[in-house]
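Reading through the structure tokens given below for one structure.
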Amino acid sequence: MQELIQRISEEATVLSDTVLKVDSFLNHQVDPLLMESIGKQIAEKFKTSQITKVFTIESSGIAPAVFTALHLGVQLVILKKSSSKTLNGDVYQHPVISYTKNTTYELTLSKQYINRGDNVLIVDDFLAQGQAGLAAAKLVEAGGGKVVAFVSLIEKSFQKGKKLLEEKGYKVCSLAPVASLENGTVTFLEADI
Ligand code: 5GP
């Protein structure tokens, strides 16, 4: 998606050969107009896929995912990274090693928000090693749902996440696939959306 690629080119900071900072429009400050056009584009691509729910992982996936769900006319489910007093009992959980924090958390889904036969689109901000995406898929499948595709806004194609998910049979697409962050420069591949 040209609009997203342009914003990354103009505003992102390359923190290292593997980490990109996009705090000005996605991870800290959020640009709602950009998020809406991203959601619209994703919805357009999947409008004939009979999506019944959009899933995302808190917190940076929420903004683009809510607009995706809005334009598909379905509910959004936010997978939680920690349990709380209001989220206990009937849940599915799967451990995830956090890419940016180097800690492990239990990705959690209340059983009431997944139904047998649900067709789920998973939308997240970044795809790196694929651990968060894989855990999200396990939760969907534990509840009898099917993952139609993973959509990441920014896919670091030089890391193993895309390959890992595709090897497991999932469709993976991205609005801004990044070939490399070497020498402080973001190099893009051709986008799927
Ligand atoms: P994965 O599970 O695919 O390894 O990592 C996915 C999660 O890690 C994303 O949801 C995102 O929060 C975080 N992440 C991975 N790589 C980056 C990065 O380069 N920059 C930022 N800001 N977050 C990242």
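As the structure lists them, so they are numbered: ligands from 1, and atoms in each ligand from 1. The first residue of the sequence shown is numbered 1, and numbering continues consecutively from there.
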(message) Looking at ligand 1, would G130 count as a contact under a 4.0 Å heavy-atom criterion?
(response)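 Checking ligand 1 against G130, which is what was asked, there is a heavy-atom contact under 4.0 Å.
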
(message) Within the 4.0 Å heavy-atom shell around Q131, which atoms of ligand 1 are there?
(response)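 Heavy-atom distances to Q131 below 4.0 Å select 1 (P), 2 (O), 3 (O).
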
(message) Quick check on contacts: which atoms of ligand 1 are under 4.0 angstrom from a heavy atom of T18?
(response)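 Answer for ligand 1: 19 (O).
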
Polar contact flag for [X] and ligand 1 (N/O pairs, less than 3.5 Å):
X	answer
V19	no
K156	yes
A132	yes
V96	no
Y99	no
G133	no

Indicate, as side chain, backbone, both or neither, the part of [X] found under 4.0 angstrom from ligand 1 when only non-hydrogen atoms are considered.
X	answer
D124	side chain
I154	neither
K21	neither

(request) Given salt bridge (charged side-chain N to carboxylate O under 4.0 Å, His left out), test E44 with K47 step by step and report yes or no. (result) CA-CA 5 Å; E44 181 62 28; K47 67 180 180 199; 2.6 Å; yes

(message) Quick check on side chain to side chain contact (heavy atoms under 4.5 Å, CB included): which of K156, K162, K160 does L127 satisfy it with?
(response)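 Among K156, K162, K160, the one that satisfies the side chain to side chain contact (heavy atoms under 4.5 Å, CB included) with L127 is K162.
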
Considering only non-hydrogen protein atoms, determine which one is nearest to [atom] and report residue, atom name and distance to 0.1 Å.
atom	value
atom 13 (C) of ligand 1	T100 CG2, 3.9 Å
atom 6 (C) of ligand 1	F126 O, 3.7 Å
atom 4 (O) of ligand 1	Q129 N, 2.7 Å
atom 11 (C) of ligand 1	D125 OD1, 3.5 Å
atom 22 (N) of ligand 1	N27 OD1, 2.9 Å
atom 20 (N) of ligand 1	L20 O, 2.7 Å

(request) Rounded to the nearest 0.5 Å, what's the gap from OG1 on T108 to CG on L139? Could you check? (result)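 Reported to 0.5 Å precision, the distance equals 7.5 Å.
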
(message) Donor-acceptor check, side chain of S110 to backbone of Y113, threshold 3.5 angstrom: yes or no?
(response)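 Pair absent, no side-chain N/O of S110 close to backbone of Y113.
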
Looking only at side chains, do [X] and [Y] share a donor and an acceptor under 3.5 Å apart?
X	Y	value
H71	Q41	no
T52	D118	yes
E10	Q6	yes
E155	S157	yes
S60	N27	yes
T18	Q159	no

(message) Taking the cut-offs as 6.0 angstrom to the six-membered ring centre and 45 degrees off its axis, would you call K40 and F67 a cation-pi pair?
(response)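 So K40 doesn't make the cation-pi contact.
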
